[in-house]
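Following: one structure in structure tokens, then a few remarks.
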Protein chains: 2
Amino acid sequence: MPRKTNTRNKIKNVALDLFSTLGFAGTSVRQISGTVGIRESGIYNHFSSKENILKVLLDDVKNSTIGVEIITDELLNKLSKPQIFMKEFVQILIKRWNTKKQKKYLRLVLIEQFREIKGVNVSLNLLVDESINIWSLIFSEMINFRYIKKGDPKVYAEEFVYPIFMIRLQYLVEEKVDLEKILEKCDSHIDYFWNSIKR
Amino acid sequence: MPRKTNTRNKIKNVALDLFSTLGFAGTSVRQISGTVGIRESGIYNHFSSKENILKVLLDDVKNSTIGVEIITDELLNKLSKPQIFMKEFVQILIKRWNTKKQKKYLRLVLIEQFREIKGVNVSLNLLVDESINIWSLIFSEMINFRYIKKGDPKVYAEEFVYPIFMIRLQYLVEEKVDLEKILEKCDSHIDYFWNSIKR
DNA sequence: GTCTATAAGGAGATAGAC
DNA sequence: GTCTATCTCCTTATAGAC
């Protein structure tokens, strides 16, 4: 399916590029319009203000976060083999997170989360909490079916998710995207974690 | 001991305040000088440029990071009781990290780590790696003395440090500093971790 | 939807008096 | 060390023609 690249989307893409490296305040409308290839005033045919562009981008971030909906039936069938389940699911997550767009999104959130923008509320905490909630459900099920040791699923989820997020953050700064290295690190973490929850 | 508050230090403190919330690009020299109570031009009697203020601040961050030197003999004596050692050491770390200044420092690093500044190199990765190196040494010793299970000390260090850093990051956004809550979370993590490394 | 033109003010930085 | 005054460029945003 061909991607729609009208001017509005061009502006959004360019702004995301610039905001995620130079920051919102460090980027001028001039830079955005120049890169897009239109005049400064042309921006205002598509967005009411510079801040409005940021608001739209941050809304996109919120709508692009990963929820329970990505857990397929195929994946669910592997719930009885927690180690395999964790590795395959994490692989899916990492592959999604490791796209250029998602990396820019996360950088943007990191940089701009302390800025107050009316009607928008995105932060690193929010993203982490979302992941923890999903994994709480998963571990809760695993405990119910006695696939893993009894314990607080929330604690399991935190111990599981925190290192994966730190790995994600660590590879956010690096230029080259070494997917293999990230997955290796995650696998190593999963192996370690598995030893602490297996029956 | 009374704190020296000459104009240069006032500028640094105000700039740290503003940079860590509005960002470097989002802060003007005008704002800084206004808050300090001098004219804009007065800034240039103390710093060669706006960027120079940032550089000095980031140098301060680097010099204020916590190294092995804070491990006292008293603490070392408790190495044979890993669980207690970890809890006491983490308590010291958290208390240091939880000062207003250190929180501003970390926010500044988070916000500005993607900006290129000549001669300065500070990033979240750097801070995390420093912690991991210290804890690698500690776990290495614990393994040598057979206080804990045999294993890769680096892996131990990562599994130990990552969650603590995530907790630190999570409480960076919050206004009110609930030290008790942070320490509780860390203790919970240490208990969990202890179960996976005890002999 | 995009252009030209322009407003109205903010930005960082310097010169020179006190 | 701080002040006043000033320079030059950049900032977001609007009005109105095509």
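Just so we're on the same page: letters track the sequence lines, and every chain starts at 1.
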If only side-chain N and O atoms of B:S28 are considered, is one of them under 4.0 Å from the OP1 or OP2 phosphate oxygen of C:dA11?
yes

Euclidean distance, atom CD1 of residue A:I11 to atom P of D:dT12 [Å, nearest integer]
14 Å

Under the 3.5 Å rule, do the base of D:dT2 and the side chain of B:S41 count as making a donor-acceptor pair?
no

What is the distance, to the nearest angstrom, from the OH atom on A:Y44 to the C1' atom on C:dT6?
14 Å

The nucleotide from C:dT2, D:dA13, C:dG12 with an atom nearest the side chain of A:T7 is C:dT2

Take the protein atom CG of A:N45 and the nucleotide atom P of C:dT4, then report the distance between them rounded to whole Å.
13 Å

Could you tell me how far apart A:F47 (CZ) and C:dT2 (C1') are, to the nearest whole angstrom?
16 Å

Atom CZ of B:R8 and atom P of D:dG1 are separated, to the nearest Å, by 10 Å

Rounded to the nearest angstrom, tell me the gap between atom NZ in A:K50 and atom P in D:dT14.
15 Å

Partners of B:T99 by side-chain hydrogen bond (donor to acceptor under 3.5 Å, both in side chains), sequence neighbours excluded?
none

Quickly work out the B:R39 CZ to D:dT6 P distance and round it to whole Å.
15 Å

With heavy atoms under 4.0 Å as the rule, sort B:T27 into base, sugar-phosphate or nothing.
sugar-phosphate

Considering the options B:K101, B:K12, B:K104, which one meets the salt bridge (Lys or Arg N to Asp or Glu O under 4.0 Å) requirement together with B:D60?
B:K12

Take B:I38 and A:S48, find for each the nucleotide of DNA chain D with the closest heavy atom, and name the residue whose nucleotide sits nearer the 5' end.
B:I38

For the aromatic rings, using the six-membered ring if either is Trp, is the centroid distance between B:Y162 and A:F165 under 6.0 Å?
no

Write down the distance between CZ (B:F19) and C1' (C:dG12), rounded to a whole number of angstrom.
12 Å

State whether A:F114 and B:R107 meet the cation-pi test: NZ (Lys) or CZ (Arg) under 6.0 Å from the six-membered ring centroid, and within 45° of the perpendicular axis.
yes

